[in-house]
Amino acid sequence: MAKIIYYRNKCIGCTSCIEHAPEQWEISSEDGKADLKGSKKNKNNYVLEISYGELAENEEAAKDCPVRIIKIIK
């Protein structure tokens with residue numbers, strides 16, 4: 001298993017994460033920022049365990065994030 005660590009408070013709502021991995025990401029209708037579906041809040045970030053089959057698309061999401069707030073831990 002791998003983990004996504006997401007710093008939502010710094011999100012600018014550009015949607016690049018959703019374009020790469022729509023199964024894990026969606027835009028909040030409340031504030032226009034991305035939500036990491038099924039994640040758990042951990043202090044000032046959100047964490048989600050993903051399978052290695054979901055890794056490549058989320059690595060692309062992390063790479064394309066203009067504010068670099070998505071981290072992948074293998």
Does M1 share a hydrophobic cluster with I73, counting links as ILVMFWY side-chain heavy atoms below 4.5 Å and allowing steps through other members? no
Where do [X] and [Y] come nearest, in terms of heavy atoms and distance?
| X | Y | result |
| --- | --- | --- |
| L48 | G38 | CD1-O, 3.5 Å |
| L55 | A2 | CD1-CB, 3.9 Å |
| E57 | A21 | CG-CB, 3.9 Å |

With side chain to side chain contact (heavy atoms under 4.5 Å, CB included) as the criterion, how do S39 and I4 come out once you've worked through the C-alpha distance, each side chain's angles and the decisive distance to 0.1 Å? CA-CA 9 Å; S39 64; I4 301 171; over 6 Å; no
Counting only heavy atoms not in [X], do more than 12 fall under 6.0 Å of its [atom1]?
| X | atom1 | answer |
| --- | --- | --- |
| K41 | NZ | yes |
| K33 | NZ | yes |
| K37 | NZ | yes |

Check the pair L36 / Q24 against side chain to side chain contact (heavy atoms under 4.5 Å, CB included), numbers first and verdict last. CA-CA 6 Å; L36 181 55; Q24 281 81 38; 4.1 Å; yes
For the atom pair CD1 (I72) and CD1 (I50), what is the distance rounded to the nearest 0.5 Å?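 The distance works out to 5.0 Å.
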Geometric class of the Y46/Y6 ring pair [parallel <30°, tilted 30-60°, perpendicular >60°]: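 If you compare the ring of Y6 with that of Y46, the planes turn out tilted.
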When you measure from the side chain of K71 to the backbone of R68, do you find a donor-acceptor pair of N or O atoms at a distance under 3.5 Å? yes
